[in-house]
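Take this structure, written in structure tokens, and hold onto it; I'll ask about it next.
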Amino acid sequence: MERAAPRSATLDAPLFRRRLITWYRSHARELPWRNVSDPYRTWLSEVMLQQTRVAAVVTHYNGFLRRFPTILALALAPEAEVLAMWSGLGYYRRARMLHKAAQFLTQERGGVLPSTAAELRTLPGIGEYTSAAIASIAFGESIAVVDGNVERVLLRLTGRPEQKDAAGRAFVQKQASALVPNRRKGDKTNAAGDHNQAMMELGATICLPHAPLCLQCPVYGMCKTRGEHLTLPRSAQLSRPAAYLLSLRKRGTLTEVLLQLRADDISLMPGMYELPPLPQDAVQGREPLLRLRHAITNTNYYVQVYAASGPQDRGLRRAVPASKSDLHWVLTHRLGSLPLTGLARKALQRLDVMKVDLPKLPAHQP
DNA sequence: GATTCGTGGCT
DNA sequence: TAGCCAAGAAT
């Protein structure tokens with residue numbers, strides 16, 4: 001039986017940590033959830049960041065906190081309002097679980113987040129990654145985080161091909177754990193939290209999935225592959241057309257828009273509002289008001305929005321297959337407080353029916 | 001262990 | 001245009 005010889009000496013962990021943290025201190029992006037002392041804010045940012053790009057989180061984070069500044073405020077809010085503030089971020093189960101966890105903490109733990117990864121892990125919506133991230137970043141626990149960035153960095157560093165099974169995950173976990181610094185008594189800085197964020201920052205800004213910026217990498221000299229990286233094949237994308245109705249009516253000086261409420265018992269975005277979907281054959285030969293692309297998981301929807309034709313909506317309005325009890329006229333100025341699907345929100349904003357709320361820009365550093 | 005759950009920016 | 005995939009968790 002052939003036995004694989006050790007391919008390389010193990011990484012020089014202290015050297016790696018020094019190079020990484022030195023780089024991080026001068027290159028870290030300034031993000032709204034960096035350098036905060038409230039663990040609730042760290043929690044919120046980590047949940048929002050699950051499978052979601054930083055830029056998308058930046059547009060939602062401040063607004064959500066303004067509306068729900070504390071765990072208590074979040075716990076007391078109706079779920080629909082929590083979903084409304086989440087609208088556009090996707091994976092709405094995250095918002096429901098965050099809300100449930102806030103209610104649990106308020107009722108059972110005096111509204112205080114636990115400070116260890118093991119305890120955090122028991123809360124709804126907090127898994128392996130998020131528990132380690134909050135524990136290290138907010139509380140200084142010495143525990144490694146493994147997200148997509150960390151996995152990619154470590155696979156490239158060690159030259160190991162991507163492997164989705166338990167052995168592959170165990171390998172990455174072991175590598176990550178070997179690199180996290182220990183907690184030191186009396187240390188004012190947060191070594192583990194900063195190290196973890198630095199690993200992710202490296203993956204997000206230098207060790208990119210395609211065309212990594214190896215010449216700017218602080219640990220280039222310790223890297224086995226320097227960019228080459230075997231990955232598994234991804235599932236194919238689909239393309240599908242989709243059509244929706246825009247129907248407006250005046251109420252004095254105000255305007256109402258017709259929305260459809262998605263059923264509570266469907267798996268995809270239950271209990272959320274969208275523009276009424278139209279059958280494809282109802283819109284043949286018509287000219288849409290708006291065309292846009294909208295991706296849901298592995299499907300690209302080529303969406304067209306059509307205006308109801310006559311003043312009484314006699315045209316397309318009747319082609320809406322939904323039952324009347326699912327259709328609701330909503331004042332346009334109330335749209336911001338409704339749980340809209342991301343697509344509905346995007347379409348209503350582009351059609352100038354709904355106001356675009358600009359994210360607060362971070363202070364500019366000259 | 002495999003599936004399901006959204007979205008948008010980049011190329 | 002169409003493919004890629006990101007600071008994952010729950011079931």
Side-chain angles (χ1 to χ4, degrees), chain A residues 28-29 31-34 42-61 83 86-98 100-101 120-138 144-153 162-169 176 193 195-205 207-211 229 231-240 262 266-270 272 274 291-303 339-347 349-350:
Chain A
R29 293 168 292 178
L31 299 171
W33 49 89
R34 292 253 166 95
T42 303
W43 175 25
L44 176 65
S45 70
E46 290 302 338
V47 173
M48 282 189 169
L49 284 162
Q50 290 167 7
Q51 294 288 285
T52 305
R53 294 179 190 283
V54 164
V57 175
V58 167
T59 65
H60 284 76
Y61 176 81
L83 290 172
W86 205 271
S87 173
L89 267 183
Y91 288 127
Y92 297 97
R93 193 168 49 187
R94 292 182 297 175
R96 299 180 206 265
M97 290 187 296
L98 181 74
K100 282 203 167 27
L120 288 161
R121 180 69 181 79
T122 68
L123 296 171
I126 298 187
E128 286 305 319
Y129 162 78
T130 306
S131 59
I134 299 171
S136 64
I137 295 168
V145 304
V146 177
D147 75 331
N149 292 125
V150 173
E151 179 182 4
R152 185 174 58 256
V153 167
E162 185 179 21
Q163 189 186 350
K164 283 296 177 198
D165 61 12
R169 283 197 303 279
H195 170 88
N196 282 335
Q197 293 190 80
M199 287 291 285
M200 296 190 279
E201 190 82 357
L202 186 68
T205 64
C207 197
L208 304 168
H210 300 295
H229 178 215
T231 59
L232 273 22
R234 311 307 195 221
S235 60
Q237 298 284 112
L238 305 174
S239 294
R240 293 212 336 201
R262 296 173 65 85
I266 56 178
S267 62
L268 187 67
M269 298 181 279
M272 301 188 71
E274 62 184 344
R291 300 172 204 270
L292 52 86
R293 192 182 81 146
H294 190 72
I296 301 288
T297 63
N298 68 334
T299 304
N300 284 322
Y301 290 94
Y302 289 88
V303 175
L340 299 173
T341 67
L343 172 55
R345 158 183 277 253
K346 184 164 66 175
Q349 289 180 340
R350 293 210 192 162

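Remember, it's a predicted structure, so these values are computed and weren't measured experimentally. Residue numbers begin at 1 in each chain, while the letters A, B, ... track the order of the sequences.
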Check: For A:H210 and C:dC5, is the shortest distance between a side-chain N/O and OP1 or OP2 below 4.0 Å?
Finding: yes
Next item on the list: Rounded off to whole Å, could you give me the CD-to-P distance for the A:Q237 and B:dG9 pair?
Entry: 16 Å
Next item on the list: Could you check how far CE of A:M272 sits from P of B:dC5, rounded to whole Å?
Entry: 14 Å
Margin query: Counting only side-chain heavy atoms from C-beta out, which of B:dC5, C:dA7, C:dC5 sits nearest to A:A204?
Written below: C:dA7
Notebook entry, point to check: Hey, which of these two, A:K164 or A:H294, hits DNA chain B nearer its 5' end, going by closest nucleotide?
Noted result: A:K164
Next item on the list: With heavy atoms under 4.0 Å as the rule, sort A:E128 into base, sugar-phosphate or nothing.
Entry: sugar-phosphate
Check: For DNA chain B, what dot-bracket results from Watson-Crick or G-U pairs at under 3.5 Å, with [ ] for crossers and | for inter-strand partners?
Finding: .||||.|||||
Next item on the list: Please report, rounded to the nearest Å, how far the C1' atom of C:dC5 is from the CD atom of A:Q50.
Entry: 16 Å
Notebook entry, point to check: Does A:T130 place a side-chain N or O at less than 4.0 Å from the phosphate oxygens OP1/OP2 of C:dA9?
Noted result: yes
Margin query: Categorize A:R29 for me: base, sugar-phosphate, or nothing, with a 4.0 angstrom heavy-atom threshold over every strand shown.
Written below: base
Check: Rounded to the nearest Å, what distance is computed from the CG atom of residue A:L98 to the C1' atom of nucleotide C:dG8?
Finding: 14 Å
Margin query: Ignoring hydrogens and geometry beyond distance, is the side chain of A:T52 in donor-acceptor contact with the base of B:dG8 at under 3.5 Å?
Written below: no
Margin query: Does A:M269 reach a base, just sugar-phosphate, or nothing at all? Heavy atoms under 4.0 Å.
Written below: sugar-phosphate
Item checked: Student check: side-chain heavy atoms of A:V145 and A:M199 closer than 4.5 Å -> no
Check: Within the structure shown, what part of the strands sits under 4.0 Å from A:R293 by heavy-atom distance: base, sugar-phosphate, or nothing?
Finding: base
Checklist line | A:R53 (side chain) donor-acceptor with A:L49 (main chain) under 3.5 angstrom | finding: no
Margin query: I need the CG-C1' distance between A:L208 and B:dC10, as an integer number of Å.
Written below: 11 Å
Note to self: Measure CG/A:N300 against P/B:dG6 and give the value in whole Å, please.
What the structure shows: 16 Å
Note to self: Please classify the nucleic acid contact of A:G203 as base, sugar-phosphate, or nothing, using heavy-atom distances under 4.0 Å.
What the structure shows: nothing
Next item on the list: Could you tell me whether the side chain of A:L123 reaches within less than 4.5 Å of the side chain of A:K100, counting heavy atoms only?
Entry: no
Next item on the list: Decide yes or no for A:H294 and A:Y302: does some side-chain heavy atom of the first lie under 4.5 Å from some side-chain heavy atom of the second?
Entry: no
Note to self: What I'd like to find out is whether the side chain of A:W43 reaches to under 4.5 Å of the side chain of A:L98, using heavy atoms alone.
What the structure shows: yes
Note to self: With a 4.0 Å limit, can you tell me whether A:R169 has a side-chain N or O closer than that to the phosphate oxygens OP1/OP2 of B:dG1?
What the structure shows: yes
Notebook entry, point to check: Looking only at N and O atoms, is any donor in the side chain of A:R94 or the base of B:dC5 less than 3.5 Å from an acceptor on the other one?
Noted result: no
Check: A:E46 has an atom CD; how far is it from atom C1' of C:dA7, in whole Å?
Finding: 5 Å
Notebook entry, point to check: Reckon A:Q51 has a side-chain N or O less than 4.0 Å from the OP1 or OP2 of C:dG8?
Noted result: yes
Next item on the list: Could you check whether A:L238 gets within reach of a base, just the sugar-phosphate, or nothing at all, counting any heavy atom under 4.0 Å?
Entry: nothing
Item checked: Atom P, compared across B:dG6 and C:dT11: separation rounded to whole Å -> 14 Å
Check: NA contact type, A:W33, heavy-atom cut-off 4.0 Å: base, sugar-phosphate, or nothing?
Finding: base
Note to self: The test is side chain to side chain donor-acceptor pair (under 3.5 Å); show your working for A:N196 and A:S136 and say whether it passes.
What the structure shows: CA-CA 8 Å; A:N196 282 335; A:S136 64; 3.0 Å; yes
Item checked: side-chain N/O A:Y302 vs C:dT1 OP1/OP2, d < 4.0 Å -> no
Margin query: Tell me the interatomic distance from A:R152, atom CZ, to C:dG8, atom C1', rounded to whole angstroms.
Written below: 15 Å
Notebook entry, point to check: Does A:R121 or A:V54 map to a spot on DNA chain C nearer the 5' end, using the closest nucleotide for each?
Noted result: A:V54
Note to self: Taking C:dA7 as the reference, what is the distance to B:dT4 when you measure between their P atoms (whole Å, please)?
What the structure shows: 24 Å
Note to self: If you define the side chain from C-beta out and look only at heavy atoms, does anything of A:T299 sit under 4.5 Å from A:Q237?
What the structure shows: no
Next item on the list: Flag the pair A:E274 and A:R345 as a salt bridge only when some basic side-chain nitrogen lies within less than 4.0 angstrom of an acidic carboxylate oxygen.
Entry: no
Check: If you look at every strand shown and take non-hydrogen atoms under 4.0 Å, does A:A56 touch a base, only sugar-phosphate, or nothing?
Finding: nothing
Next item on the list: Report which part of the nucleic acid A:S45 touches: base, sugar-phosphate, or nothing (heavy-atom distance under 4.0 Å, all strands).
Entry: nothing
Notebook entry, point to check: Where each residue is assigned the nucleotide of DNA chain B containing its nearest heavy atom, which of A:Y91 and A:A166 is assigned the position nearer the 5′ end?
Noted result: A:A166
Next item on the list: Among C:dA6, C:dA10, C:dA7, find the nucleotide with the atom closest to the side chain of A:P209.
Entry: C:dA6
Next item on the list: Report which part of the nucleic acid A:L89 touches: base, sugar-phosphate, or nothing (heavy-atom distance under 4.0 Å, all strands).
Entry: base
Next item on the list: Provide the closest heavy-atom pair for A:M272 versus A:R96 in the form atom of the first, atom of the second, distance.
Entry: CG-NH2, 4.4 Å
Check: Mind checking the C1' distance from C:dA9 to B:dG1? Whole angstroms is fine.
Finding: 15 Å
Item checked: Note, A:V54 side chain near A:Y61 side chain (heavy atom, < 4.5 Å) -> no
